[in-house]
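Predicted model only: the values in this text are computed from it and were never measured. One is the number of the first residue; the rest follow in order along the sequence. The basis for the numbers below is simple: all heavy atoms, side chains too, and nothing from hydrogens, waters or symmetry mates.
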Amino acid sequence: MLRRLQTLFQRKFKILLFLLFLLALLMHMALDLALPTIHSSCGCAQKSASPSGPFLPGPRKMSLRILQDFSGSNGSLEKGSHSLEARPAVGTGSKTVHGDQDFKPQWGGVKPVWAGGSKLAALFKHPLYRIPIPEVLEKDKLFTVNPKEKFTLRDSGSDEWVSSSKAEMVLPTGKTPYDTYPTWLKFHISINRYELYPHQDPITHTLLEELATQKIVGSVQKPGGTQLKLIMTFPNYGQALFKPMKQTRDQETPADFFYFSDFERHNAEISAFHLDRILDFRRIPPVSGRLVNISNEVRDITTDKKLAKTFFISPAGNVCFYGECSYYCSTEHALCGKPDQLEGSMAALLPDKSLAKRHSWRSPWRRSYHKSKKAEWELNQNYCTQVRETPPYDRGSRLLDLIDMTVLDFLMGNMDRHHYETFEKFGNDTFLLHLDNGRGFGRHSHDEMSILAPLQQCCSIKKSTYLRLQLLATEAYRLSDVMRESLASDRLSPILSEPHLEALDRRLQKVLDMVRECMVKGSHKEVLVDDMGNRKHGIRRRKEERRAQV
C-alpha cells in the first residue's frame, strides 16, 4: 500500500512539474510576442519627445548622420575623430548610428528655420529685418526674362553639363512659364542691384533642400584655387560647388598655422551662409550640407580624366581621391570616405560669368600673404584716410559695405579676405558678394582683432548694421541662439560646436565696444551713417520718377 502511494505521488509530482514548465513556456512566448509592440510604441514616444523635434524625420535623417565624423585627411589632425565601429547601433531594420556625440544639440524645442514660432522667426519679423528696398526697375535686375518663354533643356556641349537625354528630368508644369523654371533659375533671375535674394524668400528654402537631395549626374574638378573643389551637376542643369570635409568639427586650427596655409572647412561654408543671412546682409549664395557617395556620385560619373586618375583604395579599404590643385592635393592629403561616404558643403553657383560678368576687387585691407612682411594698413593707423580718397571708396556705400563684410569675417574668424566681387552690370552702386568663406570658424579660442582694422581705422558703420548687432546682443535674439537654431535645419547638423557658438556672442560684444569707442572720439552721425534714411529717400525718388513717366 505504501509503495502504491509513493508511485501515485511521483506521477502527480511529474505531471505538476510538466504543467509548470508548460505554463512558463507559454508565458515566455506571450512576452516575446508582446515586446516588439512595446518597443515600437516606446520608439515613437521617444521620437516625438526628442529635442531635435522636426529636424529628425525618421531613419532618413539618421542615415545622413551616420558618417558625420570621419577622420581628417591629414594624419596629424586625426586625433579628434572617432571610430565608427565603437558607436552603438539603434533602431530596427536598417541600422542607424549616432555620431559626433560631442556635438549633439543641447537645446530643446527648436523649430525649423522657416516654421515660425522661434527666436529666429521672431528675429526675421522684427522691423529691422523688414526695411524695404527701392523699387526694382528693369535696369536693376541682373537678367531681363521673357515672361512668355518656357524653360527647356539643351545640351551645352560642356563637360560640366549633361545632355537632356541623360538628364532623366520631367519638366514641371504650371499655369505660367515661370512655373516651369527650376529653382536655381528662379534664384538667378531674382538677383537685383540691392540683394542676392529677398527677405523670407521661399525659393531659398527649396534651393537648400535640392542642394542636399537632388540626384548628381555630373562631377568635375573646379579649375584653379589652392584646394580641391568639385562642380556637381543636377538633372535640371542646376550646379553646385562641393567642398569636401577635411577635418572634424572639434579640430581647431593650430596657433602656429599661418592663415594662408589653413584648411578650408565645409562646415565654415555652411555656417557663413546662415550667419550672413542672420545679419541680414544676404550676400552669400545658399549653402547646404550633404553626404556624398564618392564612388557613385563622383568617380563613376566624372568626365574629368585628371580627377579620375587620382582615385585609389586606401589600406583601410576606403575610397580616396585627391585631385589636382596648388596645395593639399596629394596622397598624403587625400580625401577618404567611410568607405565611400564623404561629407561636404554644396553651394549654389552664381550665374555663369559669360552671362553675368563679375568684377573682382582687391581688398584695401588685404593681408601680405607673407610670413614676415606686413601690409601697409598694418603699419599706418591713418590708412583709412587715403582709402576714402580712392575710387570706388570715395562715394556711395562701398566702404560701408566693406565694413559690413569685415564684421562678418571677424565674427567667424576669417582672415582670408583678399578679394571680393560685384556684378559688373550694376557698376559701383550695388552690394558686395561674400564668397569663399572656408577658412572661417577655425579657432574659437582666439579673437583676431586685426580683422576689424577697417572699422577701427575708419570709425564708420551703417546705422542699420549697428542696430541689428545691438538686437543680436539681447537675450530675446541672442546671436548664438538664433545661429544654433538656423544651423539645426541643415542635414549635417550639428554644424558648429558649442565653443564656436559662444565665441559669436563674445566677438559681437567686441564689435559693439569698438563702435562705442568710435562714438566717444567722434560724433554719432559720422560713426553711424544713416543708410536707412538714404534708402527711404531712394524709394521716394523712384516713386517720383514713376509719376513723371506716367
query = Has the side chain of H199 got a donor or acceptor atom that lies under 3.5 Å from a matching backbone atom of Y129?
reply = yes

Side chain E485, main chain L120, donor-acceptor under 3.5 Å = yes

query = Judged by atom type as modelled, is there a donor-acceptor pair below 3.5 Å linking the side chain of T406 to the main-chain atoms of L452?
reply = no

ask   = Crowded around K425 NZ? As in, over 12 foreign heavy atoms under 6.0 Å?
value = yes

inquiry  = Is there a side-chain contact (heavy atoms from CB on, under 4.5 Å) between S271 and L487? Walk through the geometry before answering.
reply    = CA-CA 7 Å; S271 303; L487 291 172; 4.1 Å; yes

Where R283 and D276 come nearest, the two heavy atoms and their spacing = N-OD2, 2.7 Å

ask   = Do R388 and Y393 have side chains that get closer than 4.5 Å, going by heavy atoms?
value = no

task = State whether a side-chain donor-acceptor pair under 3.5 Å links Q247 with E264.
result = no

inquiry  = Using only atom types and a distance under 3.5 Å, with no angle test, would you say the side chain of S397 pairs donor to acceptor with the backbone of L400?
reply    = no

remark   = Here the gap from H126 atom NE2 to L467 atom CG, rounded to the nearest 0.5 Å, amounts to 9.0 Å

ask   = Rounded to the nearest 0.5 Å, what separation is found between the NZ atom of K373 and the CG atom of L379?
value = 12.0 Å

key: Main-chain N/O of I461 paired with T465 side-chain donor or acceptor, under 3.5 Å   = no

note = Only residue of D401, D530, D531 satisfying salt bridge (Lys or Arg N to Asp or Glu O under 4.0 Å) with K462 is D401

message = Could you go through Q200 and F124, starting from their C-alpha distance and side-chain angles, then the distance that decides it, and tell me whether this counts as side-chain contact (heavy atoms from CB on, under 4.5 Å)?
response = CA-CA 8 Å; Q200 307 269 29; F124 290 151; 3.1 Å; yes

task = Please confirm whether the backbone N or O of T385 pairs with a side-chain atom of N382, one donor and one acceptor, at under 3.5 Å?
result = no

query = What do you reckon, is NZ of K510 surrounded by more than 12 foreign heavy atoms closer than 6.0 Å?
reply = yes

task = Taking all non-hydrogen atoms of both residues into account, name the closest pair between I403 and C458 and its distance.
result = CD1-CB, 4.2 Å

ask   = Regarding S450 and R367, is there a side-chain donor-to-acceptor distance under 3.5 Å anywhere?
value = yes

query = Between R439 and N414, is there a donor-acceptor pair closer than 3.5 Å when you use the side chain of the first and the backbone of the second?
reply = no

inquiry  = side-chain contact (heavy atoms from CB on, under 4.5 Å), that's the test. Do I451 and M415 meet it? Break it down for me.
reply    = CA-CA 6 Å; I451 300 173; M415 300 173 68; 3.8 Å; yes

message = Taking the side chain as everything from C-beta on, heavy atoms only, tell me whether Q457 gets closer than 4.5 Å to V387.
response = no

key: D409, L408, L275 screened by side-chain contact (heavy atoms from CB on, under 4.5 Å) with H434, the one that passes   = L408

request  = Check whether any side-chain N or O of S493 sits under 3.5 Å from a backbone N or O of I495 as a donor-acceptor pair, and report yes or no.
outcome  = no

query = Taking the side chain from D447 and the backbone from M449, do they hold a donor-acceptor pair closer than 3.5 Å?
reply = no

task = Report, as yes or no, whether the 6.0 Å neighbourhood of atom CZ on R506 holds more than 12 heavy atoms from other residues, nucleotides or ligands.
result = yes

ask   = Judged by modelled atom types alone, do H500 and E502 share a side-chain donor-acceptor pair under 3.5 Å?
value = no

Intermediate values then yes/no, side-chain contact (heavy atoms from CB on, under 4.5 Å), T183 and E209 = CA-CA 10 Å; T183 309; E209 282 293 311; over 6 Å; no

query = Going by atom types only, do S360 and E421 share a side-chain donor-acceptor pair under 3.5 Å?
reply = no

message = Under the rule for side chain to side chain contact (heavy atoms under 4.5 Å, CB included), what residues qualify as partners of P285, not counting sequence neighbours?
response = F187, L196, L350, L435

request  = Consider only side-chain N and O atoms of S497 and D250, and report whether a donor and an acceptor are under 3.5 Å apart.
outcome  = no

key: With H419 via ring pair (Phe, Tyr, Trp, His ring centres under 6.0 Å) - residues at least two apart   = none

message = Is any side-chain heavy atom of Y420 closer than 4.5 Å to one of M405?
response = yes

remark   = side-chain contact (heavy atoms from CB on, under 4.5 Å) test vs L472 passes for just one of L128, D505, L279, namely L279

remark   = Nearest heavy-atom approach of L402 to S363 is CD1-OG, 4.4 Å

task = Return the minimal non-hydrogen interatomic distance between W377 and R366, and the atom names on each side.
result = NE1-O, 2.9 Å

message = Ring centroids only, cut at 6.0 angstrom: are W365 and Y383 within range, meaning strictly under it?
response = yes

ask   = Is the shortest side-chain N to carboxylate O distance from R484 to E498 below 4.0 Å?
value = yes

request  = Taking the side chain as every heavy atom from C-beta outward, state whether K463 and V529 have any pair of such atoms under 4.5 Å apart.
outcome  = no

inquiry  = Please evaluate residues R290 and D490 with respect to the criterion salt bridge (Lys or Arg N to Asp or Glu O under 4.0 Å), reporting the C-alpha separation (whole Å), side-chain torsions for both, the decisive distance (0.1 Å), and the verdict.
reply    = CA-CA 9 Å; R290 178 162 180 161; D490 192 89; over 6 Å; no

task = State, yes or no, whether a side-chain contact exists between V515 and L528 at a heavy-atom distance under 4.5 Å.
result = yes

query = Salt bridge check: are D280 and R282 linked by an N-O gap of less than 4.0 Å?
reply = yes

key: Heavy-atom closest contact (L411 atom, R507 atom, distance)   = O-NH1, 3.0 Å

message = Can you confirm whether L433 sits close enough to T422 that some side-chain heavy atom of one is under 4.5 Å from a side-chain heavy atom of the other?
response = no

note = Closest heavy-atom pair, P198 versus S190, reported as atoms and distance to 0.1 Å, is CD-OG, 4.4 Å

ask   = Do L228 and H333 come close enough that some side-chain heavy atom pair is under 4.5 Å?
value = no

key: Side-chain (S460) to main-chain (V527) donor-acceptor, under 3.5 angstrom   = no

ask   = Given E343, which of R265, K243, K246, R249 fulfils the salt bridge (Lys or Arg N to Asp or Glu O under 4.0 Å) condition?
value = R249

ask   = Can you find a pair of side-chain heavy atoms, one from P351 and one from F143, that are under 4.5 Å apart?
value = yes

inquiry  = For W361, does the six-membered ring have the charged nitrogen or CZ of R398 within the cation-pi criterion, i.e. under 6.0 angstrom from the centroid and within 45° of the normal?
reply    = yes

Test item: side-chain donor near acceptor, H274 and S486, under 3.5 Å = yes

